[in-house]
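Heavy atoms only: backbone and side chains are in, while hydrogens, waters and symmetry mates are out. As the structure is a computational prediction, the values presented were derived from the model and not from experiment.
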Amino acid sequence: MLTALTLNSCSSYYYCSVSGFGSTPIEKKYFIEPIDSTLVNDLEFLEYASILRNRLNESGYMEETPQKASLCIRFGYYIGDKELVGTSTSSGSISLSNGKTTANSTAKANGSANTNLYGNSVSTTAKASGSSSTVVKTKQQTNTVNYSSTTAEYTKGIGCYIEAIKTTNMSPVWTVEVKDIIRSYGSWDNTTFRKVMPWMIASAQYYFGKSGEETIKIKKKEGVENKGLVWPY
């Protein structure tokens with residue numbers, strides 16, 4: 001049985017954790033690397049890193065080679081384990097009708113002819129008979145099919161983590177983490193996560209380089225409508 005997937009968020013906000021540990025270098029030259037070093041050539045990581053690069057450049061940061069950069073931007077993302085939160089069952093019935101037609105046809109014909117010659121006298125006798133009948137029967141039959149289906153409801157935590165580190169002494173400068181909980185009905189499809197990630201990175205942009213430490217509720221879609229993004233759920 002194929003189960004369709006429906007996704008939605010558990011709230012209308014992202015939760016963003018911001019930590020500022022020191023001053024950002026004035027030149028803001030950076031390069032991006034994955035927190036998980038095995039993803040350095042991963043196509044999915046490269047896609048997200050490209051989105052992050054655009055947001056950093058819009059915020060006044062300048063991409064540079066690792067040898068010339070003053071900041072290393074370490075970037076990671078995650079999908080948590082799914083948790084079963086409930087099930088829903090739907091049921092119903094379908095009525096199917098069909099008709100059956102039977103046609104019987106019978107035809108019968110008999111004929112005979114006799115001719116007798118007696119000198120100059122001719123005697124002719126002819127007989128013919130026939131019959132035909134057709135019977136048509138139509139039978140209507142209705143079948144009722146009952147059905148039921150059960151759909152599991154899951155939640156999964158997702159998020160992205162962006163950390164700026166000074167290249168001179170590898171000390172942290174600032175971090176931003178954006179988190180959300182996705183509710184899914186059916187099996188998980190990673191395609192939707194890929195659609196959500198640009199929104200999460202765009203939501204984090206305002207907090208690049210912020211000082212202090214706090215957790216903020218970010219209203220989804222607020223302030224990022226002009227990024228050319230399409231809300232995925």
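In plain terms, the two heavy atoms of R55 and I201 that are nearest each other are CG-CG2, 3.8 Å. The heavy-atom pair separating A69 from T167 by the smallest distance is O-OG1, 2.9 Å.
Note on residues 161-173: pairs passing salt bridge (charged side-chain N to carboxylate O under 4.0 Å, His left out), not counting sequence neighbours, are R74-E163.
Side-chain contact between W199 and V178 is absent, with no heavy atoms from C-beta onward closer than 4.5 Å. A 4.5 Å side-chain heavy-atom check between I79 and K156 finds at least one atom pair inside the cut-off.
Remark: F31 pairs with no residue by the ring pair (Phe, Tyr, Trp, His ring centres under 6.0 Å) rule, at least two apart or across chains. Qualifying side-chain hydrogen bond (donor to acceptor under 3.5 Å, both in side chains) partners for N146, counting only residues two or more places apart in sequence or in other chains: none. Under the salt bridge (Lys or Arg N to Asp or Glu O under 4.0 Å) criterion, E63 pairs with R53, sequence neighbours left out. Applying the salt bridge (Lys or Arg N to Asp or Glu O under 4.0 Å) criterion to E47, with sequence neighbours excluded, gives R194. The side-chain hydrogen bond (donor to acceptor under 3.5 Å, both in side chains) check on N54 picks up nothing, with sequence neighbours excluded. With sequence neighbours left out, E27 forms a side chain to side chain contact (heavy atoms under 4.5 Å, CB included) with P25, K29, S70. Checked against ring pair (Phe, Tyr, Trp, His ring centres under 6.0 Å), Y48 has the following partners two or more places apart in sequence or in another chain: Y77. For T24, the side chain to side chain contact (heavy atoms under 4.5 Å, CB included) partners two or more places apart in sequence, or in a different chain, are K28, Y61, L71, V173, W174. Residues satisfying the side-chain hydrogen bond (donor to acceptor under 3.5 Å, both in side chains) test with S37, not counting sequence neighbours, are none. Shown here are the side-chain hydrogen bond (donor to acceptor under 3.5 Å, both in side chains) partners of T168, two or more places apart in sequence or in another chain: there are none.
In this structure, I35 shares a hydrophobic cluster with Y161, the cluster being traced through Ile, Leu, Val, Met, Phe, Trp and Tyr side chains under 4.5 angstrom apart.
Both the sub-6.0 Å distance and the 45° axial angle are satisfied by K210 relative to the ring of Y206.
Residue F21 qualifies as enclosed at atom CZ: its count of foreign heavy atoms under 6.0 Å is above 12.
Judged purely by atom type and a 3.5 angstrom limit, S50 has no side-chain atom pairing as donor or acceptor with the backbone of L46.
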